[in-house]
Amino acid sequence: MTPDLHLHNSLTRTKERFVPIDPAHVRMYVCGPTVYDLAHIGNARPVIVFDVLARLLRRLYPRLTYVRNITDVDDKINARAAESGEPIAAITARTTADFHRDMAALNALPPDAEPRATQSIAPMIALIEKLIARGHAYVAEGHVLFSVPSFGEYGALSGRSPEEMLAGARIDVAPYKRDAGDFVLWKPSPPGVPAWDSPWGKGRPGWHIECSAMSWQALGEVFDIHGGGHDLMFPHHENELAQSRCAFGTPRMASIWLHNGMLRVEGEKMSKSLGNFIVLRELLSRGAWAGEALRVAMLRTHYRADLDFTWAGLEEAKAELDDHYSMLSRAVPPPEQPALQAEMADWALAPLLDDINTPLALTRLRDLRTLENVASVGGSATAVLGRIGRGWPVVPGLAAAAFREAAGVLGLCAADPVAWLKGGEDTAWVDQAIADRLAARKARNFAEADRIRDELKAKGILLEDGPQGTTWRRA
RNA sequence: GGUCCGGUGGCCGAGUGGUCAGGCACAGGUCUGCAAAACCUGCUACGGCGGUUCAAUUCCGCCCCGGACCUCCA
């Protein structure tokens, strides 16, 4: 696949050709979770989106280092500890493990590095010292503050001037700030709150400095891609960018900034006050299919657009996966046509090169599925081949192999098809019922055969009579 | 108030200055003991008003509607 990837850069608000700083080693940083509570479905979106991008980059380039941090020092964590009595370290360790489990259920691969804020205090202090030395930060009443006016390009990422930001801002300005827009790099800790020794006394870092420190440690002063939710663009990413550029004196922090859109639920903004907050663990408990179905549901919308999550949409995504796995379950081993298989897979994946157009890639996956169905079950491929303008041979196994290859980049359809369709439990009784029904059919006792089928249907088992006998799957 | 992003057929959702998205749902059909699955066919939309153009859903302007962000929410 030719590495001709274009991405929408939030910094320039245009689609740009992706040119790695080092083509032999692409580097990407994505803001990870603050570990104080179970992940909700909104947390899942950037994980899924950037997992797809990571898989794509690995296909395009020889090496990728994908870094996603864990924020384990934060006032929300402190508050949770104060109200529950559980030690901070226990909360963060447990929540991190929960996060890992949930993300694995989404079929998201772990990042190459997962630095933690509490283990990155030294580089944070080093960065703050650089900023003070360069005149971009100052000490005031035990705090260290970043001087926004010292960085002329502040506001470029979020597209607003400091004056504009303050015009409608609903905040109180701390009296020790020289400028209302200045933000905290280091702050003193009240009793009972985690504190580390620093040149400015015992205290803790501000929110944004951790990502500047961790990306620096893991990827260097300048790297290729920085990602995260759109809500992080301001102030978090704006401040990160200011810190890193000012500390290192570089013309940029990352070449391309990517931001995924926000989530709504059944048309409404997801919020705790509306009571429509969906905890990922709860969604996953609906069945083994739920994680992958959520992945499909999310990839059906372009990553930059806001996504309206609906339960009906999740069901539709599951149904689509059922169809995919049905096709895969009957696919024969592919013929030895690696070049053609790669061509078909590349065709399906080509939309990803255009700013990660997953909805179109999913459409093409469906076309590959149809081609395989035509080859293995019967029918005509002329309609599909004509529409897509290809003259591929219709050979059993070929499109299925290309499908698997392409789906793998989307992180889909890696499960065993039979396990997916049958649920993986002990189901010898179903086979027995099918045998009984077969006997009834042979005796032309169709009333009994239909009775058995209805009985199974009531238990969520669907029978399908085919040329090779009767198969079944869960509804 | 400021900044920004969107409005595509019953629903979801790509894309394009002029020939087709696709899926779901629905309706026919092939196949089947009946079904299911699979395949085929039908369903022809681009918020409103102007403008540019031979031609606009696609470009420009205005308006309406929805959404996001505006100091610690992915």
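Chain letters run A, B, ... following the sequence lines, proteins first and then strands; every chain starts at 1.
- Base-pairing analysis of RNA chain B finds the following stems of at least three consecutive Watson-Crick or G-U pairs, with both pairing distances under 3.5 Å: B:1-7 with B:64-70, B:10-12 with B:22-24, B:26-30 with B:38-42, B:47-51 with B:59-63.
- Residue A:Lys318 is out of contact with every strand shown, counting any heavy-atom pair closer than 4.0 Å.
- Here the side chain of A:Asn107 pairs a donor or acceptor atom with the backbone of A:Gly411 at under 3.5 angstrom.
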Base contacts versus sugar-phosphate-only contacts with protein, heavy atoms under 4.0 Å: please encode nucleotides 5-16 of chain B as B, S and - from 5' to 3'. --------SSS-

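- Which of B:C69, B:G33, B:C20 sits closest to the side chain of A:Ala449 comes down to B:G33.
- When the C1' atom of B:C69 is taken as reference, atom CZ of A:Phe234 falls 9 Å away, rounded to whole Å.
- Looking at A:Thr358, A:Asp355, A:Leu307 one by one, the single match for side-chain contact (heavy atoms from CB on, under 4.5 Å) with A:His302 turns out to be A:Asp355.
- When atom types are taken as modelled, the side chain of A:Glu238 and the backbone of A:Gly155 share a donor-acceptor pair closer than 3.5 angstrom.
- One interatomic measurement links the two molecules: NE2 of A:His259 to P of B:C73, which rounds to 15 Å at whole-angstrom precision.
- In this structure A:Trp311 satisfies the ring-ring contact (aromatic ring centres under 6.0 Å, His included) test together with A:Phe309, sequence neighbours excluded.
- Judged by the 6.0 Å and 45° rule, A:Arg178 forms a cation-pi pair with A:Tyr138.
- Within 4.0 Å of A:Leu263, counting heavy atoms only, lies at least one base atom of the nucleic acid.
- Counting heavy atoms from C-beta outward, A:Asp112 and A:Val67 have side chains that stay 4.5 Å or more apart.
- No side-chain donor-acceptor contact under 3.5 Å links A:Arg45 to the backbone of A:Leu263.
- Separation of the C1' atoms belonging to B:A14 and B:U52 is 27 Å when rounded to the nearest angstrom.
- For A:His259, the ring-ring contact (aromatic ring centres under 6.0 Å, His included) partners are A:His237, not counting sequence neighbours.
- Comparing B:A74, B:C20, B:C73 against the side chain of A:Asp74 picks out B:C73 as the nearest.
- Of the residues in residues 96-116 of chain A, not one places a heavy atom less than 4.0 Å from an atom of RNA chain B.
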Atom pairs, N/O to N/O, protein against nucleotides 34-39 of chain B, distance under 3.5 Å?
from, atom 1, to, atom 2, distance (Å)
B:C34, O2, A:Arg453, NH2, 2.4
B:C34, N3, A:Arg453, NH1, 2.9
B:C34, N3, A:Arg453, NH2, 3.3
B:C34, N4, A:Asp465, OD2, 2.9
B:A35, N6, A:Asp465, O, 3.2
B:A35, N1, A:Asp465, N, 3.0
B:A35, N3, A:Arg453, NH1, 3.1
B:A36, N1, A:Asp465, O, 3.4
B:A38, O3', A:Asn373, ND2, 3.2
B:C39, OP1, A:Thr370, OG1, 3.4
B:C39, OP1, A:Asn373, ND2, 3.3
B:C39, O2', A:Ser380, N, 3.3

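- Between the NE2 atom of A:His324 and the C1' atom of B:C24 there is a distance of 13 Å, given to the nearest Å.
- Proximity note for A:His230 (side chain, C-beta onward) versus B:A68, B:C73, B:G33: the nearest is B:A68.
- Put simply, A:Lys269 has a side-chain N or O that comes within less than 4.0 Å of OP1 or OP2 on B:C69.
- In this structure, A:Glu292 contributes its side chain and A:Cys413 its backbone to a donor-acceptor pair below 3.5 Å.
- Distance CG (A:Asp231) to P (B:C69): 7 Å, rounded to an integer number of Å.
- Residues A:Tyr303 and A:Leu53 have side chains not in contact (no heavy-atom distance under 4.5 Å, counting atoms from C-beta outward).
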